[in-house]
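Heads up, the thing below is written out as structure tokens.
Remember, it's a predicted structure, so these values are computed and weren't measured experimentally.
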Amino acid sequence: MQAEAEEEHLHRRVLAFSSVVVEPLDTMAAATVAAMIRDGYGSPDTCHALYCALPRAEFTGMSILLTEDEHRYPPGIVTVDINSPGMLGFH
């Protein structure tokens, strides 16, 4: 959402990465994300990512957020700086 909002057709390049998964929100998840936005946790894309990184019964794996703003997320959210050496093929 954020990529396409900033540049037309950028979503195609983002979704081409095999490691990118866009998780759809069901009705309850959408309501939770909306509450997070309303409560000031960030923009829709930030809150969607934050929601998906939180522990949930239906997801048993561990979500890792690639971000340039690791400091924006609360403790317990696993973040990795997208500009770290080796990320996205950069060394």
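- Taking CG of Leu50 as the reference point, atom OG1 of Thr32 lies at 11.5 Å (rounded to 0.5 Å).
- When all heavy atoms of Glu68 and Asp81 are compared, the closest pair comes out as CA-OD1, 4.3 Å.
- Here the closest non-hydrogen pair linking Pro44 and Val33 is O-CG1, 4.4 Å.
- Here the shortest heavy-atom pairing between Tyr51 and Leu25 reads CD2-CD2, 4.0 Å.
- Between Cys47 and Gly42 the shortest heavy-atom distance is SG-O, 3.6 Å.
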